[in-house]
Amino acid sequence: MKRILHLDASARPGRAGIDPHGSVTRLLTRRVVDRWQTLRPDTAVTYRDVGAAPPAPVSAAWIEAAFAPEAAHAPWMDEVLAESDQLIEEVRAADALVLGVPLYNFSVPSAFKAWIDNIIRIGRTVIVNPDSLDDPYTPLLADRPVILIVSRGGFGMNEGGPLAHMNHLEASVRTALGFIGLTSLHEVAVEYQELGGDLLASSLRNAETCLDELVMSLQSRAPARAPAVPQPLSA
Ligand SMILES: Cc1cc2nc3c(=O)[nH]c(=O)nc-3n(C[C@H](O)[C@H](O)[C@H](O)COP(=O)(O)O)c2cc1C
């Protein structure tokens, strides 16, 4: 892996256990990126903090520009789409994505949804072919690993859990990213953030173990750097 896109979506600026009222997802995204760079010091990181600086939501001008056919393209549209172009470029340039996404009211934070809305672009990241009823969508991005780190205040919302029906986060991210070609999602969630105590500590420990193993495994699958040219042994 040469470049990671590290994205945080928590509205809380600090890291849990380090800063007062810190974010669990920020703690874990940073852990993953730090471990990755320890294993592969040549890995570059693009950092995007949508929690601190949410992308502009879709507007009437954005829709007109994004859906304009080539022949109707006007110079003002470039400006309206500049942020979206930049966010798409960051995804395109990354060999892996590390996304920290808190559960807010059963789904993703609005800042993260704004990021999704800006990276799904007809003609740029997906093609729609209305003539093909069976297969109308062609994603335009090459697949690459995405580590999706989630934190929830409550519990029982993992797949198969008693409150799973109250959690629409992972499914919506899976659908949106799959739509543009990113299907290799690795999902790790922490629960009990609002309850704290041993339950939170144990959930956090499990997530850390999972993430450490995941980084190790993704590293071992990544193409190795060119082996050093063997040097003749000196006498
Ligand atoms: C606006 C808001 C809405 C939330 N909604 C939910 C929710 O629907 N379910 C839940 O289990 N926790 C919910 N929580 C708790 C967060 O998921 C939890 O605090 C999580 O750790 C936030 O991620 P962070 O620590 O990275 O900031 C909500 C928190 C906030 C601030």
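Every number for a ligand or one of its atoms is a count from 1 in the order of the listing.
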A.B. asks: Donor-acceptor pair, Glu191 side chain versus Met157 backbone, under 3.5 Å?
C.D. replies: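 Between the backbone of Met157 and the side chain of Glu191 there is a qualifying donor-acceptor contact (under 3.5 Å).
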A.B. asks: Passes side chain to side chain contact (heavy atoms under 4.5 Å, CB included), Ser184 versus Arg144? Steps please.
C.D. replies: CA-CA 6 Å; Ser184 300; Arg144 66 207 77 193; over 6 Å; no
A.B. asks: Not counting sequence neighbours, which residues clear ring-ring contact (aromatic ring centres under 6.0 Å, His included) with His6? List them please.
C.D. replies: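 So His6 forms a ring-ring contact (aromatic ring centres under 6.0 Å, His included) with Tyr47.
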A.B. asks: Should Val108 and Val188 be counted in the same cluster of Ile, Leu, Val, Met, Phe, Trp and Tyr side chains packed under 4.5 Å apart?
C.D. replies: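 No.
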A.B. asks: Can you pull the ring pair (Phe, Tyr, Trp, His ring centres under 6.0 Å) pairs that have at least one residue in residues 87-122, sequence neighbours excluded?
C.D. replies: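 Sorted pair list: Phe112-Trp115.
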A.B. asks: Output side-chain donor-acceptor pairs under 3.5 Å for residues 17-25, partner residues at least two apart or in another chain, one line each.
C.D. replies:
| from | atom 1 | to | atom 2 | distance (Å) |
| --- | --- | --- | --- | --- |
| Asp19 | OD2 | Arg15 | N | 2.7 |
| Ser23 | OG | Thr25 | N | 3.3 |
| Ser23 | OG | Thr25 | OG1 | 3.1 |
| Ser23 | OG | Arg26 | N | 2.9 |

A.B. asks: Select all protein residues for which some heavy-atom-to-ligand 1 distance is less than 4.0 Å, and list them by chain and number.
C.D. replies: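 Within 4.0 Å of ligand 1, the protein residues are Ser10, Arg12, Ser23, Val24, Thr25, Pro102, Leu103, Tyr104, Asn105, Phe106, Ser151, Arg152, Gly153, Gly154, Met157, Gln193, Glu194.
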